[in-house]
Amino acid sequence: ADRVLKLSDVFIWVTDPQKYADAVLHDDYIRTMAQHAAVTIVVLNQIDRLSREDARACVADLEQLLQRDGLTGVRVLPTSAARGIGLDALRAELAGVVSHRNAANRRLAADLRTQALELRRHVGDTEPDLGKRAGAELTDALAKAAAVPVVGHAVERDYRMRAGMHGGWPFTRWANKLRPAPLSRLGLDKVASQLTRSEGQRALGRSSLPPASPAALAVVDLATRRLGEQAAEGLPQPWADAVYDAATPHDDDLRDSLDQAVLGTPLRDKDPFWWPLFSALQWLFAAIALVGLGWLLVLAGLGFAQIHVDVPNWGWIPIPLLLLVGGLLLGLLLALLSRVLAARGGRRRREAAERRLRDAVEQVGRDKLVAPVREVLGQHRATREALERAAR
């Protein structure tokens, strides 16, 4: 019987008043083929052994059992093979199935629905919504792992150092050249100018950024786990495992992507307008101070030679001394003003660089972590919708 059931287009379940409630019939056969109601006929034979009331009661009880098994819409045909009762109705039912000539197609459709319902148990009812909170937490973790705060501090120090080269006192600028540039120490000086992101990503080599600390790596691991948990909520175990695998890529791949994201991010903006202005003024004040110093030295030499020369005054102050002191004081005041402006500008440049770096890191998170997770969820959605269509 099991072999024939796999080959049959129409099923005729024949039972009798003594065995119509048999558990083997209902549990092993009718219930497992509940989707084949369109090609199923149920016959209750031997009704000649019952009274009319008992026959109607048995038919009603069998219909309830069939509905309980999921076989709805199937009419029970009472027959008696010994006396020929109900055989005409059975022949008419069979003739109707044969005349339509679509029993095989209906059988296949029923098989498809049965398999779709079986597979549907291994698919969730819906897909979780990742939302924006997971993305923000993931970006924060990746930013720490990519040393974005370190790069931000380097950008601020680099700006202040270069501002000092323009607005600082000319007589002490040489000291700044003895210190290594902050961005050079991190290997970011070659891509610090306004490169496009694609050009920066094509830069060869790696940066000299310090490796992520164990604490930063733990934060990334926690963020990816939370992303996986949020995306796998309510999914069956195979799909949840696929989501976890997508949310936790290989560490080296993620590290290289973060490093390239930092390398591909422009860290310097256009130089401010006051840099060349302050530089020109500093050289002017330095020249004035040197003129005053040279004048005083000439006067000292003439005095040593006992040659008296009248010195012009501005009020009671000699002009050479005024030039020397005034040039030095103005240069120092301009240097202090440039340091104030450099501190403010450095903070702004740091904030702007960190925003660009966070955008680049966020893109890495979307490409390497969120996008693979969404792809798995998309596959789950497509599978669920296909199975639902097949089950209908």
Side-chain angles (χ1 to χ4, degrees), residues 1-126 234-236 381 383-392:
D2 293 337
R3 183 180 63 84
V4 172
L5 284 175
K6 298 178 181 179
L7 305 175
S8 302
D9 296 331
V10 180
F11 306 101
I12 305 174
W13 304 106
V14 181
T15 184
D16 56 54
Q18 295 178 346
K19 298 180 181 179
Y20 73 87
D22 185 73
V24 175
L25 174 65
H26 290 273
D27 295 342
D28 296 347
Y29 294 98
I30 295 180
R31 187 170 299 169
T32 59
M33 307 189 71
Q35 297 299 320
H36 297 72
V39 289
T40 298
I41 300 173
V42 180
V43 177
L44 180 63
N45 196 31
Q46 300 181 6
I47 63 167
D48 56 299
R49 298 183 177 182
L50 302 174
S51 64
R52 288 187 177 182
E53 292 76 10
D54 292 339
R56 283 195 295 266
C58 286
V59 170
D61 190 24
L62 179 55
E63 289 177 346
Q64 291 181 358
L65 292 176
L66 295 176
Q67 291 181 359
R68 191 182 306 168
D69 293 336
L71 200 64
T72 59
V74 174
R75 185 166 63 94
V76 177
L77 299 177
T79 64
S80 172
R83 298 188 180 183
I85 301 174
L87 297 184
D88 292 338
L90 177 58
R91 291 191 185 96
E93 195 77 21
L94 292 173
V97 173
V98 174
S99 64
H100 286 88
R101 297 183 180 179
N102 63 349
N105 292 337
R106 297 168 75 178
R107 162 65 198 268
L108 292 175
D111 288 343
L112 178 61
R113 288 193 297 270
T114 301
Q115 295 301 326
L117 290 175
E118 179 67 23
L119 291 174
R120 184 64 178 80
R121 297 187 302 169
H122 303 284
V123 179
D125 295 331
T126 184
L235 297 181
R381 180 184 296 106
T383 303
R384 175 177 55 81
E385 293 174 351
L387 291 176
E388 289 175 351
R389 289 194 301 270
R392 291 193 296 266

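Please read all numbers here as calculations on a predicted model, not as lab measurements.
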Taking only Lys NZ, Arg NE, NH1 and NH2, and the carboxylate oxygens of Asp or Glu, determine whether R75 and E93 approach each other closer than 4.0 Å.
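Looking at R75 and E93, the cut-off is met.
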
Does a side-chain N-to-carboxylate-O contact under 4.0 Å join D61 and R56?
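Not counted as a salt bridge, because no side-chain N and carboxylate O are separated by less than 4.0 Å.
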
Would a 4.5 Å heavy-atom cut-off, applied to side chains only, mark [X] and [Y] as touching?
X	Y	value
V76	Y20	no
F11	Y29	no
Q64	L62	no
V14	K19	no
I12	T40	no
P17	Q46	yes

Interatomic distance, [X] atom [atom1] to [Y] atom [atom2] [nearest 0.5 angstrom]:
X	Y	atom1	atom2	answer
T383	H122	OG1	NE2	12.5 Å
L25	W13	CG	CH2	6.5 Å
L117	E388	CG	CD	10.5 Å

Under 3.5 Å donor-acceptor, [X] side chain and [Y] backbone:
X	Y	answer
N45	A81	yes
D69	L71	no
R384	L387	no

Closest heavy-atom contact between A390 and A116?
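Where A390 meets A116 most closely, the heavy atoms are CB-CB, 3.6 Å.
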
Write down the atom of D88, the atom of R91, and the distance for their closest heavy-atom approach.
OD1-NH1, 3.1 Å

Counting only heavy atoms from other residues, nucleotides and ligands, does the tally under 6.0 Å from CD of Q18 exceed 12?
no

Go through it in stages, so that I can follow the logic: the residues are L44 and L77, the test is side-chain contact (heavy atoms from CB on, under 4.5 Å), and I'd like the CA-CA distance, side-chain angles, deciding distance and then a yes or no.
CA-CA 6 Å; L44 180 63; L77 299 177; over 6 Å; no

List the steps and the verdict of side-chain contact (heavy atoms from CB on, under 4.5 Å) for R68 and I30.
CA-CA 10 Å; R68 191 182 306 168; I30 295 180; over 6 Å; no

Quick one, I47 with T79, criterion side-chain contact (heavy atoms from CB on, under 4.5 Å). Give me CA distance, side-chain angles, the key distance, then yes/no.
CA-CA 6 Å; I47 63 167; T79 64; 5.9 Å; no

